[in-house]
Structure formats: structure tokens, C-alpha cells
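To start, the structure itself, in C-alpha cells.
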Amino acid sequence: MRKKTPSDMILLVIKYAFMVAYAIFLLLPVYYAFVSSLRPASDIFKYAAPLSLRTLVPEKYTLESFRSLFVDYGFLMPLWNTAWVCFVTVVFGILINAMAGFAFAKIRFRTKTFWFTLVIVTMMIPFEAIAIPLYSLVYNLNLVNTRTALILPAIANGTYIFLFKNSYEDTPHSLYESAMLEGASKFMIFRRIYLPLSKPIMVSAGLLIFFYQWQSYMWPLLAANASNVQVIQIAQSVFQQEYATLWGEIFASIVVTIAVPLAFFFPLQKYYKLGISTSGMKE
Amino acid sequence: MSRNNGISPGYNPEIRKFKIRSGIETLVFVVPALLLLIIFKIYPILLSFFGSFFTESFLTGKTLFVGFENYVSLFRDSIFINSLIVTLKFNLITTPVQIVIALILALLVSKPSRTSSTFRVIFMMPIAIALTSACMLWNIMLNPNQGIVNSILGLVGIDAQPFFTSKTQAMMSMILICNWRGCGYWMLYLLTGIQDVSQSVLESARIDGAGRLRTIWSIILPMIKRSMMFVVVSDTISNLLMFIPVHMITLGGPEGSTDLIMYEAYKTGFVYADFGKSYAMVSLLIIFAFAVVMVEMKLLKPKY
């Protein structure tokens, strides 16, 4: 280690000042949402200006906004819808993409290159680009305003296939061959050897799929905006439009919507990072 | 074949049975995923290109082939021309700013240490927050009258700003929200690239007397070209198709200053029920995104 010169110290101070400032920029809105949702309705904008300690630290705390949101305005329904849509997509998404990834990594079959190119092509198509034409397809399939319409298009995804393929390719091929020689079927090999080996990738893919479904807005807006199938993103935006002055409930709906993914994110963030680093850039 | 006592493997019933079973197994592995991808990803893209040559909504069942009429009418439409310009402006600012901030953040937290990893998690945190929630939250905070941002500006002696209610500031406010949400996400990709740069290379650069900036410019940047290319391409595509802030906050206004093409396409299809024209907009956007991506890949292509 070389000695720290004064200019090093100044650089270090600038570096940390910037990092702290940026962290505040990111955290302040989240903190503000939580704090506002816990305030009595009359206090929410009482201390908004000029800025004082009271703007950021409430005098009184109450859960009234949450009670009202769930009991009076039925916010449990969209929460349940979203949970269901996420759960089903995650389960089938992991299974189907893992199987395809396994096939592309380990099984030799004709036209494999062609199909894999197709998978890569679909990776480059962002969902927004196909949302409008997809609506006409789902309309013709009579699936508008069903949860199936939200689940089906989100299951198969080139990125996750890629993720599983990369992870399976890293396991030695001899494992596959020796199991094959002992007469195990491909299902057996997949279920008993490869699937357990890819547990971290399964968590990563599951987390990515869950975030994607929880956060999606445009597709539910087009395909499922009826109140009985509404997901949480639509519900919070509709709530804000309909009850523009119920600030307590609006903040509570935002807090519910961001708290669930955050609760998964903090303990599992290293899996999220794993998913990102395994998918993006290889090959 | 004579080694198998004259029986070629294809005609051995046991082997043949095995081959069929094995083939069916392979199909079961790949068909569900490929079928879903073809139905829900490939088909809609084709439908969008195909449908852009027809007029009248699919809802009435009557369709009429009109050739390039939808495209021609788009370019005669001053609203579309405006949204084309707005989309370009939004992208020319958002994408480079987002990538530069993401790169700075990634460089700041790339060293493995406790402080770094704490900040890394904070910088990543907005990934967990949907853009919709971010829009709602920032829209409240940027409220000209009772928003907390104006209170903070007031503290340092800056007058209250109009933000989304002003033609000149609405776009910038939108970009602010997109960056708040997006930079950490792109940082993560660049971070994996930076962390793959081996310590020994950095060490030898230090011994050779390279300063910090020199190391970043001549060693780290060239070595993360792959991640950089991925980020540039993905960020371009996602910003070209930006929809949520417009639909949630500005509705294209004030005076069309935030009217991104994706929102126009949505409105044309779902408010005016002109799907042919809506498909034409989406198709143009896809073709344009593809062209931009091609140029970017050419410019960023690793030279080794």
C-alpha cells in the first residue's frame, strides 16, 4: 500500500460525498412513501413546505391508510391476483425454460442451431413491441380479461432459456453420458441430476420472472383491466385516478406495491446479480 | 454395419424403440418453450408487420388491403411527426446519460469491500421498484405546489419549479424518473464486466504508473466492451419503446412535449381503434430500433 497523499484524500472525500448523495437520491422517495403512508391523512402534506424535520419525521403514526385501502377499497383482490399470476408464471417459467435450456445444452438433435437462433431472436424483442399485436391474438383466443392472458405470454423467455443453457453447459458432459449408459431416461437425468444442480439459477430465474410479472403494466392494461382480474400495478394507478385526494390510501397502495418485491430483493439480491451476469453477455 | 452381425442398428427393434422414445423425450423438452415463443413472440411481430398493410380494426372482422397507405398517412400526420421528434429527443438524452451514470456507479462500487457492497445494494434497489410506482411517487414529489422536491429546492433558495406542468420541464422530469429507476439496472451489467477484469492486469497497470483515469480509459473500458455493447443495445431498445411515464403522468402533454411514439401507437389502437395505423407505428419503431442497434454494434465492435 502506498501512502495516501492529500490529493488522494480529497478524491476519496469527493467519491464518498457523491455516493452518499446518490444513495439519498435513490432512498428518499422510498422513505417518503413509507413515512407518508404511516401518517394520519390530515398530516400528509401539512409539513410539506417549508422543509423541516417534521416533513421527514411524522408526529403521529397510524395504520389507518392500510386498513382503509384493504377493507374499504378492496385492495386485497389485486394483491391476490398478482400473487397468483406471479406464482404460476414462476413455476411454469422455471420448469419450461429449464427443460429447453437442458435440451439446448445437452441433447443432440437436428435443427438445434436453427431453433436456438430463434430463441436468441426472441430475446431481442422487447415486450412493449409486441403488446399491441399480442392483444389481437389474445382477443381471438377469447382470453381477454383472464389471468391466463397475463400468464401464458410470460412463461417462455429466451433470456431464461439462455440462463439455464449456460448453467448446464458448465456441468461436465461425462455426468450426462454415464447416466445415459446406465439406462436412465432424459427425464430422469434432468430431474435427478441437472435440476438439483441448477438450484441457484432456478432462484435467479424465479426472481427475474417474479419481478417481471409483478412490475408489468402495459400488458395487463391492455389484456386484463377488468376489476376482477386487475393486477396490483393497474389497481394502484386506477385507484390514484379515481380517488385523487385520498393521499393516505394512495401512498399505502404504493408502499404495498413496492414492499413485496423489496422484501424478496434484499435477501436474494446476490441471486439477482447471478442471473444478470449469467444471462447478458456470454457467447 | 457388418460388425453388428449383419444387422444394421436402424433395423434392430430394440434400438429403434430406444431411438423413438429418445426422440419423443427430446420433443417434450423443447416443444413447450418453442411453441410458446412462436405463438407469443414471433407471431405478434409478424402480425404487426402484416397488419400494418391493412385498414379497419380486426374487431369488426372486415379488413381491407391498403398497401403502404398507413405508413404514408403517418408521415402526413403532424402529431406523428411531433412524436417522432419527441421520441428521438428523449432517446438522445436518456440513453447516454443513463449509461454514463451507470458506468460511474459501477466503477465506484466495483472493489470488493463492505462499504462498496452496501452502496451496491442501495444502487441496485430501484430494480425492485416498478416504473409505475416510481412514476406515481415522483409525480407526487414533483408536484409544483405541495411536492417535497420544491420544498428541498426552497431550502437552498431556488424558486418553485413547474416540472410536469411545463412544456420545457416535462421531458426532463420524465428522464429523471427513468434514470432513477434505470441506472442501477444497467450498472449491474457493467459491474459484472468490470469484476471480470483480472486483478493482476490492474495491478500491473498500477506498477507501470498508470493513474486512475488512465486505468479506466485504457484498460477497464476496452475490457468491458462486451457488457457495454449489451447495455447500449438493450437500453436503446427499452428507451425507444418507453410507454409507462407517458401513460401514467403526462398523457403526451403539455402541448405534445412528451408524446412518445409508443403512447401514440397505444392511443391509435385502443382509443381510436385504428389498428392498421397502430401496427404501422410499432413496425416503424421496431425497424428503427433494429437499424440503431446495427449501427451501435458496428461502432462498438471489439477490434480483437
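Quick note: numbers below take in every heavy atom, side chains included, and nothing from hydrogens, waters or symmetry partners. Chain identifiers are assigned alphabetically (A, B, ...) following the order of the sequence lines, protein sequences preceding nucleic acid strands; residue numbering begins at 1 within each chain.
For a residue to count as touching a neighbouring chain, one of its non-hydrogen atoms must lie under 4.5 Å from one of that chain's; by this rule A:Val260 does not touch chain B. Only the side chain of B:Leu155 comes within contact range of chain A, with at least one heavy atom under 4.5 Å from a heavy atom of that chain. Contact of B:Pro126 with chain A is made through the side chain alone, with heavy-atom distances under 4.5 Å. B:Ile104 touches chain A through its side chain: at least one heavy atom from C-beta onward sits under 4.5 Å away, while N, CA, C and O do not. With a threshold of 4.5 angstrom between heavy atoms, B:Ala265 approaches chain A through its backbone and through its side chain. Using a 4.5 Å cut-off between heavy atoms, B:Ile140 contacts chain A through its side chain alone, with no backbone atom that close. Residue B:Phe290: no heavy atom, backbone or side chain, is found under 4.5 Å from chain A. Both the backbone and the side chain of B:Ile127 come within less than 4.5 Å of a heavy atom of chain A. Looking at B:Val28, both its backbone and its side chain come within 4.5 Å of chain A, counting heavy atoms on both sides. Interface remark: B:Ser283 contributes no atoms to any contact with chain A (heavy atom separation under 4.5 Å). Only the side chain of B:Leu34 has a heavy atom closer than 4.5 Å to any heavy atom of chain A. Heavy-atom distances place both the backbone and the side chain of B:Val121 under 4.5 Å from chain A. Using a 4.5 Å cut-off between heavy atoms, B:Ser238 does not touch chain A at all. If you measure heavy-atom distances from B:Asn179 to chain A, the contacts under 4.5 Å come from the backbone alone. Only the side chain of B:Phe270 comes within less than 4.5 Å of a heavy atom of chain A; its backbone N, CA, C and O stay farther away.
Below 30°, between 30° and 60°, or above 60°: for B:Phe119 and A:Tyr16 the angle between ring planes is between 30° and 60°, a tilted geometry.
A side chain to side chain contact (heavy atoms under 4.5 Å, CB included) with A:Trp115 holds for exactly one of B:Leu37, B:Val30, B:Ile38; it is B:Ile38. Of the listed residues (B:Ile237, B:Ile286, B:Leu240), just one forms a side chain to side chain contact (heavy atoms under 4.5 Å, CB included) with A:Pro126, and that residue is B:Ile237. Tested against B:Phe29 for a ring pair (Phe, Tyr, Trp, His ring centres under 6.0 Å), the candidates A:Tyr194, A:Phe187, A:Tyr168 yield a single pass: A:Phe187.
A donor-acceptor contact shorter than 3.5 Å links the side chain of B:Glu25 to the backbone of A:Lys186.
Minimum interatomic distance between B:Leu47 and A:Pro133 (heavy atoms only, all atoms of both residues): CD2-O, 3.4 Å. Contact between A:Leu26 and B:Ile122 at its shortest, heavy atoms only, is CD1-O, 3.5 Å. The nearest pair of heavy atoms linking B:Tyr279 to A:Ser136 is OH-CB, 3.4 Å. Scanning both residues, A:Pro29 and B:Leu137, for their nearest heavy atoms gives O-CD2, 3.4 Å.
Your options are A:Leu222, A:Leu118, A:Ile125, A:Ile155, and the one with the most heavy-atom pairs under 4.5 Å with chain B is A:Leu222. Annotation: maximal heavy-atom pairing with chain B below 4.5 Å, among A:Val30, A:Ile161, A:Leu28, occurs at A:Val30. For the set A:Phe92, A:Phe127, A:Phe190, the entry with the most heavy-atom pairs within less than 4.5 Å of chain B is A:Phe190. If you tally non-hydrogen atom pairs under 4.5 Å between each of A:Trp214, A:Tyr272, A:Phe104 and chain B, the highest count goes to A:Tyr272. The residue among A:Val119, A:Leu152, A:Val138 with the most heavy atom pairs within less than 4.5 Å of chain B is A:Leu152.
A:Phe265 is linked by a ring-ring contact (aromatic ring centres under 6.0 Å, His included) to nothing, counting only residues two or more places apart in sequence or in another chain. B:Thr132 pairs by the side chain to side chain contact (heavy atoms under 4.5 Å, CB included) definition with A:Tyr217, A:Gln233, A:Gln236, B:Ala130, B:Ile244, B:Met248, not counting sequence neighbours.
Interatomic distance, OG of A:Ser253 versus CE of B:Met136, reported as 4.5 Å (0.5 Å rounding). Atoms CE and CZ, from A:Met19 and B:Phe123 in turn, are 5.5 Å apart once rounded to the nearest 0.5 Å.
Aromatic ring centres of A:Phe25 and B:Trp138: separated by under 6.0 Å.
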